[in-house]
Amino acid sequence: MTNLAATEIPRAFFWKGDHLLLLDQTRLPLDQEWLRLTDLQGVAEAIKMLRVRGAPAIGVAAAYGAVLEIRRLQESGSGDSLDLPDPWLASFRQITRALRATRPTAVNLFHCMDRMDRVAGLFVDHAKSDNSGIFFDSELAAQRMEEEAAAIHREDEELCQKMGDFGSQLIEDGARILTHCNTGAIATGGLGTALGAIYNAHLSGKKIQVYADETRPLLQGGRITAWELFQAGIPVKLITDSMAASVMADGKVDLIMVGADRIASNGDTANKIGTMGLAVLARHFGIPMYVVAPTTTLDPSMQSGSEIEIEERNPDEVRRFQGSFSAPPEVDVYNPAFDVTPGSLISAIVTERGIHRPPYNFAELMKG
Ligand code: MRU
């Protein structure tokens, strides 16, 4: 069995200063194709098409995308007023607005864009108070934004490490874990959320067995989770989504561990479609259901999950399979990408701050 420590951890992207080198996750597991993204259009397309995906990874990629685009505008000279603070800030905010519009559900993207906008605003205010706006160093401004994107990336890596440590405490030696979608290294800027906890349990010497749901319609579980775990030498059995109930009924699952895209104050959790079904089954079979996510996935402004916007994706994701139609081409389709699991069905939510048990009150936690 391979030791993860000796294996290169897969990465969603590498920041190269003038471009973002991004692994096209839609091509996994057969092809590892790296894209050289240089502007807003490329990064926004990659997020929309799930070339980069997973709540934390989307946020970090978007932060780098904003840096690439403001530099491109500055260098192309098309925005000749970008050497003035207010037009520069307006352009930057237009870029982050476009990035916010790529995918609605994962809140990490919005937190990252808020943070980039805030830092851009502070930089401009500072420049204006220094020299009354007569001279504005737009390159210095872009450099400041690059530092912020790199800080977001670095912090995400640290968050993964911390929540992975806490999450692994919930995994006993010998545990059989069911997981859904992909929550590993390439879904984040670090080691992963739920899969990060699983990696940590494995690294600490616990003998574990993972059941990975295939995760229809885009197969993140089969194409990515099974691939990541297999590479790390962690025993994994791939099952179709519809097998989960019977695997639980057969007593083969000790716990369920998943990630999240947005968590409301009361613990209601949006995650990949199919997660809520697992939670209902878990309650029926008396199996603990755990969510692992950084506090950057919390949305304390939402009291409950009913406020979360659920992304609806292209019907062809359901009508087609590997390029060919697997259903009548004209059939009507409903394709929500996420569902919302009631907090009351979640045994614990693990963040980098610790293991939180119900009743959840994340608005209160985030005040402290
Ligand atoms: O549509 P995706 O592939 O971006 O959905 C990803 C998920 O639902 C993950 O479970 C979630 O983002 C947590 S990942 C660290």
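The structure presented is a predicted model; accordingly, all values stated were derived computationally and were not measured. Whatever order the structure lists them in is the order used to number ligands and atoms, beginning at 1. The analysis underlying the following values was restricted to heavy atoms, covering all of them including side chains, and did not include hydrogens, waters or symmetry mates.
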* Within 45 degrees of the axis of the six-membered ring of F110 and under 6.0 Å from its centre: does R262 put its NZ or CZ there? -> yes
* To do: Would you please classify the geometry between the F123 ring and the W88 ring as parallel, tilted or perpendicular, with 30° and 60° separating the classes?
  => tilted
* Asked: Nearest protein heavy-atom contact for atom 11 (C) of ligand 1: which residue, which atom, what distance?
  -> D261 OD1, 3.2 Å
* Asked: Which residue and non-hydrogen atom of the protein lie closest to atom 9 (C) of ligand 1, and at what distance in Å?
  -> N271 OD1, 3.4 Å
For ligand 1, which atoms, with element, lie under 4.0 Å from some heavy atom of [X]?
X    : result
G54  : 4 (O), 12 (O)
R103 : 1 (O), 2 (P), 4 (O)
Q220 : 1 (O), 2 (P), 3 (O)

* Option of least heavy-atom distance to atom 1 (O) of ligand 1 (set: K272, R53, R313) -> K272
* Taking ILVMFWY side chains as joined if any heavy atoms are under 4.5 angstrom apart, and letting links pass through other members, which residues group with M302? -> I308, I310, F338, V340
* Decide, yes or no, whether a salt bridge links D39 with R71 under the criterion of side-chain N to carboxylate O below 4.0 Å. => no
* Asked: Ion pair present between R72 and D18, side-chain N to carboxylate O less than 4.0 angstrom?
  -> no
* Does ligand 1 have any atom sitting under 4.0 Å from a heavy atom of P56? -> yes
* To do: Please confirm whether A106 comes under 4.0 Å of ligand 1, counting heavy atoms of the residue only.
  => no
* Any N or O of T193 that comes nearer than 3.5 Å to an N or O of ligand 1? -> no
* Asked: Is the closest side-chain donor-acceptor distance between T225 and N182 under 3.5 Å?
  -> yes
